[in-house]
Amino acid sequence: MNIDKELDARGLSCPLPILRTKKVLSDMTSGQLLKVVATDSGAPKDMQAFANQTGHELVTHSETNGEYTFVFKKK
Amino acid sequence: MKKMAIIASKGTLDMAYPPFILASTAAALGFDVKVFFTFYGLQLLKKDLSDVKISPLGNPAMPMPVPMPSLVQVLPGMESMATVMMKDKLKKKGVASLEELRDMCLEAGVTLIACQMTLDLFDFKRDDLIDGIEYGGAATYLDFAGESNVSLFI
């Protein structure tokens, strides 16, 4: 998978991971991929809700050792 | 476009977070958001937010490092101490400051409206409040809230 941009949201609490994700996505072009890494354990549900509401596609998400990784495809 | 209308009526540190968190997040989710600041909530639009504090007094749900009887909580300096401790905790846990969240709301195009009646009531000057906000009354709020998908009183 060709990641165009990465966002380190580790250590940030709600709602910062969502706000930062939105900000980075708005500077990207349609179809580009953004990888986000977060440690907020509320993030999996919130990131899915963000995708539902905005239409940016949540391509993959996974968890390893308390770190959550998300890949978004910009709408 | 979905819309959200919030009334922010409280001016303590704990009650300042929900309106700014929800407004900034809703804007990120693509909502058109307006927040109407009235009564003590108007404090949250001041340029200087250092007056926004938290008090353990009358708030039995507030987690305390050591149990503290109400009679101790009334001592001078306790409120400032509780505020410093809470701000420290918020920072350590990666929670944004109020100033940061408020800036992010403005950046995201959230409309912040100051209640003109409260401004007059408390003798606040428009110069005390941040730039980039609007001024209005109950009708201004209802004009927008009537068409909103989400409407909250905080």
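No hydrogens, no waters, no symmetry mates; every other heavy atom, side chains included, goes into these values. In what follows, every chain begins at residue 1, and chains take the letters A, B, ... in the order their sequences are listed.
- In the hydrophobic clustering of this structure, B:M86 groups with B:Y17; members are Ile, Leu, Val, Met, Phe, Trp, Tyr whose side-chain heavy atoms approach within less than 4.5 Å, directly or through other members.
- The closest side-chain heavy-atom distance from B:M104 to A:K23 is not below 4.5 Å.
- Put simply, of A:C14, A:G55, A:G11, A:S13, the one with the most heavy-atom pairs under 4.5 Å next to chain B is A:S13.
- Minimum interatomic distance between B:L29 and A:I18 (heavy atoms only, all atoms of both residues): CD1-CG2, 4.1 Å.
- Within 6.0 Å of atom OH in B:Y40, 12 or fewer heavy atoms from other residues, nucleotides or ligands are found, so the atom counts as exposed in its surroundings.
- Shown here is B:F39, whose CZ atom has no more than 12 heavy atoms of other residues, nucleotides or ligands within 6.0 Å.
- Minimum interatomic distance between A:L19 and B:A28 (heavy atoms only, all atoms of both residues): CD2-CB, 3.8 Å.
- At least one side-chain heavy atom of A:P15 sits under 4.5 Å from a side-chain heavy atom of B:L101.
- Connection of B:F31 to B:F36 is not established within any shared hydrophobic cluster, with ILVMFWY side chains joined at heavy-atom distances below 4.5 Å, either directly or through further cluster members.
- To the nearest 0.5 Å, atom CG of residue A:L12 and atom NZ of residue B:K93 are 14.0 Å apart.
- Heavy-atom pairs under 4.5 Å with chain A were tallied for B:G30, B:A27, B:S24, B:A108; the largest tally goes to B:S24.
- Counted within 6.0 Å of CG on B:D88, heavy atoms from surrounding residues, nucleotides or ligands total more than 12; the atom is thus considered enclosed.
- For B:K47, the NZ atom sits in a packed shell: over 12 heavy atoms of surrounding residues, nucleotides or ligands are nearer than 6.0 Å.
- Interface remark: A:R20 contributes side-chain atoms only to the contact with chain B (heavy atom separation under 4.5 Å).
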